[in-house]
Amino acid sequence: MKSESGKIYVTGVAGMIGSNTARSLLEAGEYVIGIDNYWRGRESNIEDLMTYKDFVFRHADLIADRDWYIDMKSDDVLIHVADIVAGIGYVFSNEWSVFQKNVLINTNVARVISERKPAHLIYLGTACSYPQQMQRSVEHSVLKESDKYPADPESGYGWSKLMGEIEFSLAVKDSGVRLTVLDLHNVYGWPCTYNDETAQVIPALIWKAISASDGKLLVWGDGRQGRAFLHVSDVTSAVQRVIKYKGKEKNFMIGPDKCTSIADIAEIVCAHPNIDTNEIVFDLTKPTGDLGRYANFSLAAKELGWAPKVDLRAGVHNLIDRIIDDRK
């Protein structure tokens with residue numbers, strides 16, 4: 001069902017979350033303007049979107065360019081997906097660069113919001129912004145919205161996303177612009193980067209397994225660290241519900257209420273019939289990041305009627321099929 005909003009802008013539209021979000025909105029009858037500079041997203045990810053009469057693509061750098069929002073009006077919605085994000089190795093090797101670029105991106109988007117005053121800003125945040133001391137156990141590290149402060153993220157990426165949320169809160173203050181923050185857990189799905197240093201954990205493991213010539217799948221750390229893995233279609237469902245939401249809550253934890261270890265993900269990958277690996281090898285010299293976290297999504301369930309739907313094993317095996325097909 002089409003929302004009552006005007007145009008919907010989606011930053012980072014050529015990435016995994018952005019392209020799937022735009023597609024779901026177009027299928028619901030919305031008019032979507034997508035923005036991307038192809039830093040990580042690919043033009044091929046939005047080829048099908050170009051066939052929709054209600055989709056407009058604007059190639060723009062959110063840090064430098066100022067013409068992508070020229071027609072933004074007071075009844076429009078901006079879904080801010082774009083950021084510099086990657087796998088743990090890239091994030092910890094480039095912390096200052098990741099932090100700086102994300103801060104610049106968010107500062108410029110905040111300026112746009114302050115100037116144009118759209119009806120609603122939906123900011124896709126991250127569980128990485130939550131205190132690192134709360135992410136130390138696969139079994140017990142459950143996060144809820146009220147746990148965000150006092151702030152102590154582990155990485156520059158987590159800090160940059162949290163700084164963005166603070167800046168947006170200030171930018172919309174007394175402006176009439178509605179701000180909703182969705183704190184996402186580890187999102188996976190297609191399309192994704194899988195074969196370079198920016199790949200995140202599930203596609204990176206899939207690529208290692210596909211490429212293994214000796215039947216061994218190499219896993220960073222001891223494999224006991226875990227995450228709450230969230231399929232991208234469950235993200236788009238949350239976004240659609242927030243667009244229509246009329247309640248008072250401004251922040252929602254979006255993720256499953258279960259933490260899955262990286263070792264278990266490796267086992268799921270190896271169980272796929274087209275993966276030819278017979279041993280999982282753990283590299284203890286590599287970084288592991290936060291040891292574990294998962295979501296208390298009760299507020300999203302109560303206010304939005306949202307819950308994750310995609311089975312993890314089925315979702316991972318589907319992604320393996322897509323990556324294998326993409327290599328042909």
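Given the structure is predicted, the values throughout are model-derived calculations rather than measurements.
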Students often mix this up, so state it plainly: with edges at 30° and 60°, are the rings of Phe168 and His80 parallel, tilted or perpendicular? perpendicular
Distance-only, no hydrogens or angles: does the His185 side chain make a donor-acceptor pair with backbone N or O of Met253 under 3.5 Å? no
Contacts of Phe57 meeting ring-ring contact (aromatic ring centres under 6.0 Å, His included) (sequence neighbours excluded), chain-then-number -> Tyr38
Please check if the side chain of Ser261 supplies one atom and the backbone of Asp264 the other of a donor-acceptor pair under 3.5 Å. yes
Could you tell me the separation between the CD atom of Gln225 and the SG atom of Cys259, rounded to the nearest 0.5 Å? 9.5 Å
Distance-only donor-acceptor check, side chains Asn251 and Asp183, under 3.5 Å: yes
With no hydrogens and no angle check, do the side chains of Arg136 and Ser141 hold a donor and an acceptor under 3.5 Å apart? no
Just checking, is any N or O donor in the side chain of His120 or Asp76 under 3.5 Å from an acceptor N or O on the other one? no
How about Phe99 and Trp159: are their ring centroids closer than 6.0 Å? no
Would you please name every residue forming a side-chain contact (heavy atoms from CB on, under 4.5 Å) with Arg322, sequence neighbours left out? Trp190, Asn318
With sequence neighbours left out, what residues match Thr107 under side-chain contact (heavy atoms from CB on, under 4.5 Å)? Val103, Glu167
Would Asp152 and Tyr130 count as having a side-chain donor-acceptor pair, cut-off 3.5 Å? no
Donor on one side chain, acceptor on other, Asn186 and Tyr294, under 3.5 Å: no
Using the rule that Ile, Leu, Val, Met, Phe, Trp and Tyr join whenever any side-chain heavy atoms are under 4.5 Å apart, tell me whether Val98 and Ile63 fall into a single cluster. yes
